[in-house]
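Everything numeric here is computed off the predicted structure, so don't read it as measured data. Just so you know, these numbers use all the heavy atoms, side chains as well, and skip hydrogens, waters and symmetry mates.
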Amino acid sequence: QVQLVESGGGYVQAGGPLRLSCAASGRTFSRYAMGWFRQAPGKEREFVAAINWSGVLTTYTDSVKGRFTCSRDNAKNTVYLQMNSLKPEDTGVYFCAADSGYGLGQRREEYEYWGQGTQVTVSS
């Protein structure tokens, strides 16, 4: 299976940037599309961004378009989520996930492997 470990979360003031990383194990990382989800307190996990296996195609939820950028470095087995102009409503636990299919899915059920999550807290 694919092992995923998120890092880079923390506390940041509104308007600031933060970059999340997701390190994956195994030589087959480049064959997986990757997604980012987040879960705010008392809310269900929601889609944030996704990237296909090559990194050429990405998709984002409307609330983060223009502020977040998802990228990947297959040579390093790592996917990134660069978050700029953060808002308090971006607060939550962020998870990366792997999909062995075509990718760019926005539903939790489309992803086979999940990281443990990293907390992002944005203060006003």
Taking C-beta and beyond as the side chain, do [X] and [Y] meet within less than 4.5 Å on heavy atoms?
X	Y	answer
Gln106	Thr59	yes
Arg67	Asp90	yes
Glu89	Val122	no
Arg38	Tyr94	yes
Ser7	Thr118	no

Spacing of [X] atom [atom1] and [Y] atom [atom2] [to the nearest 0.5 Å]:
X	Y	atom1	atom2	answer
Gln119	Tyr11	CD	OH	6.5 Å
Leu81	Ser71	CG	OG	8.5 Å
Cys22	Arg72	SG	CZ	9.5 Å
Thr69	Met83	OG1	CE	11.0 Å

Centroid-centroid distance, Trp36 to Phe68, less than 6.0 Å: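 Aromatic pair excluded; centres sit 6.0 Å or further apart.
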Stepwise salt bridge (Lys or Arg N to Asp or Glu O under 4.0 Å) check, Asp62 with Lys65: CA-CA 5 Å; Asp62 286 345; Lys65 287 181 179 177; 3.0 Å; yes
Asn52 side-chain N/O to Gly103 backbone N/O, donor-acceptor pair under 3.5 Å: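 No, Asn52 side chain to Gly103 backbone: no donor-acceptor pair under 3.5 Å.
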Polar side-chain atom of Glu6 near backbone of Cys96 as donor-acceptor pair, under 3.5 Å: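 Present.
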For a quick test of reading the model, state the closest non-hydrogen atom pair linking [X] to [Y] and the distance between them.
X	Y	result
Trp53	Asn74	O-ND2, 3.1 Å
Ile51	Val79	CG2-CG2, 4.0 Å
Ser21	Thr78	CB-CG2, 4.3 Å
Glu112	Asp99	OE2-OD1, 4.4 Å
Ala24	Leu4	CB-CD2, 3.6 Å
Trp114	Tyr111	NE1-O, 3.5 Å

Within 45° cone and under 6.0 Å: Arg45 NZ/CZ vs Phe95 ring: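 Positive - Arg45 is close enough to the ring of Phe95 and near enough to its axis.
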Test side chain to side chain contact (heavy atoms under 4.5 Å, CB included) applied to Cys70 and Tyr60, step by step: CA-CA 9 Å; Cys70 186; Tyr60 304 89; 3.9 Å; yes
CD (Gln13) with more than 12 external heavy atoms under 6.0 Å: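 No, because the 6.0 Å sphere around CD of Gln13 holds 12 heavy atoms or fewer from other groups.
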Among the clusters formed by ILVMFWY side chains lying less than 4.5 Å apart, do [X] and [Y] turn up in the same one?
X	Y	value
Leu20	Val64	yes
Val93	Leu18	no
Val12	Val48	yes
Val56	Tyr32	no

